[in-house]
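Quick one: this structure, given as structure tokens, is what I'll be asking you about.
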Amino acid sequence: MTRVGVLGAAGRMGRTVCGAVADDGDLELVAAVDPSASGGSLEAVAGVATPAVTVAGGIEELERAGAEVAVDFTVAASALANARWCAEHGVHAVIGTSGLGADALVELAGCFEGSKANCVVAPNFAIGAVLMMRFAALAAPYMEAAEIVELHHDAKVDAPSGTAVRTAELMDEARRGAGASAWPPDPTTQATLAGTRGGTGAGGLRIHSVRLPGLMAHQEVVFGARGQSLTIRHDSFDRTSFMPGVLLAVKQVAERPGLTVGLEALLDL
Ligand code: NAD
């Protein structure tokens with residue numbers, strides 16, 4: 001049984017991860033950390049009946065409880081500090097927290113390079129979303145232009161989503177790798193409302209972020225070419241959609257030296 005601790009255990013994702021780990025016969029939930037719910041029972045905080053686990057306020061709880069793997073669904077600033085602690089204390093880290101930019105990934109790679117612990121970071125743990133990214137990369141060299149529209153619930157604090165940023169990177173890499181022409185420049189010469197054309201991702205790909213109550217996590221990659229268009233869309237309707245990917249990473253992280261970025265690496269996609 002692999003001993004698992006959850007960071008951000010009182011959050012929307014953390015609560016779901018606590019339940020998924022507790023229900024998995026190969027894993028044991030030994031620690032739950034969240035300063036916003038310190039001292040609370042896991043049953044009261046996350047609806048998970050694990051009487052031995054009380055929510056702790058600090059990451060040191062992982063060491064006290066003998067956790068071998070930490071799952072982090074917190075906020076970007078906390079996730080980086082948590083990962084440094086995990087690397088120093090030999091605890092494998094599985095990070096789903098979004099908002100970690102290229103600099104943070106370089107820092108993470110450095111932290112885990114000399115550590116006996118490993119790290120898996122994935123902007124999206126939903127297997128359907130990973131396939132959507134793969135399909136978008138496959139299409140990228142063959143269509144003239146593309147834009148990405150990501151849609152999330154109204155409590156998401158960062159924009160654009162890590163999935164959208166990663167999708168643009170994968171699409172741009174695929175296009176360059178195939179020797180196709182660069183993405184066409186934005187034709188807009190007059191934007192009467194600032195921001196209307198979205199943000200600029202890898203290769204100049206436009207990313208648009210929508211935030212609305214009622215949504216969970218959704219993304220469309222819209223390709224255009226003369227006389228045709230192709231739309232690739234993925235929808236996560238429920239946070240359980242992320243759990244098979246999170247559990248896969250928890251079970252594989254010990255076998256993946258250093259830093260692994262993206263669930264696609266674990267799926268051999
Ligand atoms: P949330 O706000 O509901 O939960 C975050 C929790 O982290 C809060 O309870 C907060 O108190 C806690 N926290 C903050 N700092 C902490 C620390 N140092 N130690 C322990 N706990 C700490 O957010 P959420 O909706 O659960 O999302 C969490 C993150 O996961 C976000 O960045 C979100 O974008 C990301 N996310 C990723 C995926 C994926 O597949 N990779 C899927 C969904 C959400």
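Side chains are part of it too, since the values below use all heavy atoms of this structure and drop only hydrogens, waters and symmetry mates. As the structure lists them, so they are numbered: ligands from 1, and atoms in each ligand from 1.
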_Quick one about S209 and E150 (side-chain donor to acceptor, distance below 3.5 Å, no hydrogens or angles considered), yes or no?_
yes
_Residues forming a side chain to side chain contact (heavy atoms under 4.5 Å, CB included) with E144, sequence neighbours excluded_ = A225, R226
*asked:* Is there a salt bridge (Lys or Arg N to Asp or Glu O under 4.0 Å) between K116 and E88? Walk through the geometry before answering.
replied: CA-CA 9 Å; K116 61 179 179 181; E88 281 163 18; over 6 Å; no
*Flag if over 12 foreign heavy atoms under 6.0 Å of CG, D154*: yes
Using a 3.5 Å cut-off on N/O to N/O, what pairs does ligand 1 make with the protein? A line per pair would be great.
unit_1: ligand 1; atom_1: 3 (O); unit_2: R12; atom_2: N; d: 2.9
unit_1: ligand 1; atom_1: 3 (O); unit_2: R12; atom_2: NE; d: 3.4
unit_1: ligand 1; atom_1: 3 (O); unit_2: R12; atom_2: NH2; d: 3.4
unit_1: ligand 1; atom_1: 9 (O); unit_2: G11; atom_2: N; d: 3.4
unit_1: ligand 1; atom_1: 9 (O); unit_2: D34; atom_2: OD1; d: 3.4
unit_1: ligand 1; atom_1: 9 (O); unit_2: D34; atom_2: OD2; d: 2.7
unit_1: ligand 1; atom_1: 11 (O); unit_2: D34; atom_2: OD1; d: 2.7
unit_1: ligand 1; atom_1: 11 (O); unit_2: S36; atom_2: OG; d: 3.4
unit_1: ligand 1; atom_1: 15 (N); unit_2: S78; atom_2: OG; d: 2.9
unit_1: ligand 1; atom_1: 18 (N); unit_2: S78; atom_2: OG; d: 3.4
unit_1: ligand 1; atom_1: 21 (N); unit_2: G8; atom_2: N; d: 3.3
unit_1: ligand 1; atom_1: 25 (O); unit_2: R12; atom_2: NE; d: 3.0
unit_1: ligand 1; atom_1: 25 (O); unit_2: R12; atom_2: NH2; d: 3.4
unit_1: ligand 1; atom_1: 26 (O); unit_2: R12; atom_2: N; d: 3.2
unit_1: ligand 1; atom_1: 26 (O); unit_2: M13; atom_2: N; d: 2.7
unit_1: ligand 1; atom_1: 32 (O); unit_2: S98; atom_2: N; d: 3.0
unit_1: ligand 1; atom_1: 32 (O); unit_2: S98; atom_2: OG; d: 3.2
unit_1: ligand 1; atom_1: 34 (O); unit_2: S98; atom_2: OG; d: 2.6
unit_1: ligand 1; atom_1: 34 (O); unit_2: K156; atom_2: NZ; d: 3.0
unit_1: ligand 1; atom_1: 40 (O); unit_2: F125; atom_2: N; d: 2.7
unit_1: ligand 1; atom_1: 41 (N); unit_2: G96; atom_2: O; d: 2.9
unit_1: ligand 1; atom_1: 41 (N); unit_2: A122; atom_2: O; d: 3.0
unit_1: ligand 1; atom_1: 41 (N); unit_2: P123; atom_2: O; d: 3.1

*Give a yes or no on whether F73 and V121 share a hydrophobic cluster (residues Ile, Leu, Val, Met, Phe, Trp, Tyr; joining criterion: side-chain heavy atoms under 4.5 Å apart).*
no
*asked:* Ignoring hydrogens and geometry beyond distance, is a side-chain donor-acceptor pair present between Q219 and T167 at under 3.5 Å?
replied: yes
